[in-house]
Visitor: 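Okay, here's the structure, questions in a sec.
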Amino acid sequence: QVRLVESGGGSVQAGGPLRLSCAVSGYTFSKYCMGWFRQAPGKEREGVVAIDGGGRTSSADSVKGRFSISRDYAKNTLYLQMNSLKPEDTAVYYCATCGGLTATQALDFIGRVGAWGQGTQVTVSS
């Protein structure tokens, strides 16, 4: 069984950094796609950034240059480093598995994403 547990969310002032973590179990972490997604109030869930089995990454235009994804193989943990946060980044952030999808496919075809974590709230104040 796949289990994903997000942590690291909280309240931060605009311009500040925050790092989210996703502890992964029951999944071949080193070989398959993983991604971060978010859902803001009144909006649909959207892809943020993903990394695939080939090590390729893809980011949403809204976060390019500010957010990055990485994984710690020893700890089986996925990270989302967020810098220069903006109020519009306020959302619940989720990590998810995306199997054999490419990073670009994971962001573009959210309906094909597999298991989801419970999410962690990020609130950015101006």
Side-chain angles (χ1 to χ4, degrees):
Q1 55 186 14
V2 179
R3 181 174 173 83
L4 299 88
V5 181
E6 299 96 336
S7 62
S11 297
V12 62
Q13 293 183 1
L18 198 66
R19 188 175 75 163
L20 306 183
S21 299
C22 174
V24 182
S25 61
Y27 188 70
T28 308
F29 183 82
S30 63
K31 294 185 178 181
Y32 297 107
C33 175
M34 294 289 300
W36 287 95
F37 302 79
R38 68 185 182 186
Q39 188 164 18
K43 298 180 66 177
E44 295 182 353
R45 190 170 298 186
E46 63 177 345
V48 178
V49 59
I51 184 166
D52 62 29
R56 296 166 294 193
T57 61
S58 184
S59 301
D61 289 342
S62 60
V63 305
K64 276 188 171 69
R66 299 190 298 120
F67 291 11
S68 63
I69 190 170
S70 64
R71 44 192 174 192
D72 186 323
Y73 295 101
K75 296 181 178 180
N76 219 42
T77 299
L78 184 75
Y79 298 100
L80 176 64
Q81 179 65 52
M82 304 182 290
N83 298 319
S84 302
L85 282 162
K86 304 175 181 179
E88 52 263 44
D89 294 319
T90 295
V92 177
Y93 284 73
Y94 303 87
C95 65
T97 63
C98 29
L101 298 179
T102 66
T104 299
Q105 289 171 334
L107 297 186
D108 290 345
F109 304 106
I110 192 170
R112 296 178 63 186
V113 171
W116 296 84
Q118 292 298 305
T120 186
Q121 176 72 46
V122 173
T123 302
V124 184
S125 301
S126 61

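Every heavy atom of this structure was used, including side-chain atoms; hydrogens, water molecules and symmetry mates were not. None of the values given here were measured: they were computed from a predicted structure.
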Visitor: Supply the atom-to-atom distance I51 CD1 to M34 CE, rounded to the nearest 0.5 angstrom.
Guide: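 Between atom CD1 of I51 and atom CE of M34 there are 10.0 Å.
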
Visitor: Find out if a path of hydrophobic residues (ILVMFWY) with successive side-chain heavy-atom gaps under 4.5 Å connects M82 to F37.
Guide: no

Visitor: Within the 4.5 Å heavy-atom criterion, are T90 and Q121 side-chain neighbours or not?
Guide: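 T90 reaches Q121 side chain to side chain.
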
Visitor: Taking the side chain from R112 and the backbone from D108, do they hold a donor-acceptor pair closer than 3.5 Å?
Guide: no

Visitor: Minimum heavy-atom separation for A60 to G47, with atom names?
Guide: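 Minimum heavy-atom separation between A60 and G47: CB-O, 3.5 Å.
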
Visitor: If hydrophobic clusters are built from ILVMFWY residues whose side chains come within less than 4.5 Å, do F109 and V48 share one?
Guide: no

Visitor: Heavy-atom count around K64 NZ within 6.0 Å, excluding the residue itself: above 12?
Guide: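 Check passes, neighbour count above 12.
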
Visitor: Inspect the surroundings of OH in Y32 and state if more than 12 heavy atoms from other residues, nucleotides or ligands are less than 6.0 Å away.
Guide: no

Visitor: Working to the nearest 0.5 angstrom, can you tell me the gap between Q118 CD and S7 OG?
Guide: 13.5 Å

Visitor: To the nearest 0.5 Å, tell me how far E6 CD sits from C95 SG.
Guide: 4.0 Å

Visitor: Indicate, with yes or no, if Y73 and V5 share a hydrophobic cluster defined by side-chain heavy-atom contacts under 4.5 Å among Ile, Leu, Val, Met, Phe, Trp and Tyr.
Guide: no

Visitor: Quick one: does any side-chain atom of S58 pair with a main-chain N or O of A50 as donor and acceptor, under 3.5 Å?
Guide: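 Checking the backbone N and O of A50 against the side chain of S58, no donor-acceptor pair under 3.5 Å is found.
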
Visitor: For C22, which of W36, Y79, Y94 qualifies under side chain to side chain contact (heavy atoms under 4.5 Å, CB included)?
Guide: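 With C22 as partner, W36, Y79, Y94 yield a single side chain to side chain contact (heavy atoms under 4.5 Å, CB included), made by W36.
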
Visitor: Is there a continuous path of hydrophobic side-chain contacts, each under 4.5 Å between heavy atoms, that joins L78 to V63?
Guide: yes

Visitor: Looking only at non-hydrogen atoms, find the nearest pair between V49 and I69 and report the distance.
Guide: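 That closest heavy-atom pairing would be CG2-CG2, 3.7 Å.
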
Visitor: For the backbone of V24 and the side chain of N76, can you confirm whether one donor and one acceptor N or O come within less than 3.5 Å of each other?
Guide: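 Between the backbone of V24 and the side chain of N76 there is a qualifying donor-acceptor contact (under 3.5 Å).
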
Visitor: Tell me every residue that passes side chain to side chain donor-acceptor pair (under 3.5 Å) with R56, counting only those two or more places apart in sequence or in another chain.
Guide: D52

Visitor: Take K86 and D89 through the salt bridge (Lys or Arg N to Asp or Glu O under 4.0 Å) test and state the conclusion after the steps.
Guide: CA-CA 5 Å; K86 304 175 181 179; D89 294 319; over 6 Å; no

Visitor: What's the separation between atom OG1 in T97 and atom CZ in R3, rounded to the nearest 0.5 Å?
Guide: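 Result: 14.0 Å between the selected atoms.
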
Visitor: Could you tell me which residues satisfy ring pair (Phe, Tyr, Trp, His ring centres under 6.0 Å) with Y93, sequence neighbours excluded, listed by chain and number?
Guide: none

Visitor: Mind checking the CG-OG spacing from L80 to S68? Nearest 0.5 Å is all I need.
Guide: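 That separation rounds to 7.0 Å.
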
Visitor: How long is the gap from CH2 on W116 to CD1 on I110, to the nearest 0.5 Å?
Guide: 4.0 Å

Visitor: Identify the heavy atoms of P17 and V12 that sit nearest to each other, and give their distance.
Guide: O-CG2, 3.9 Å

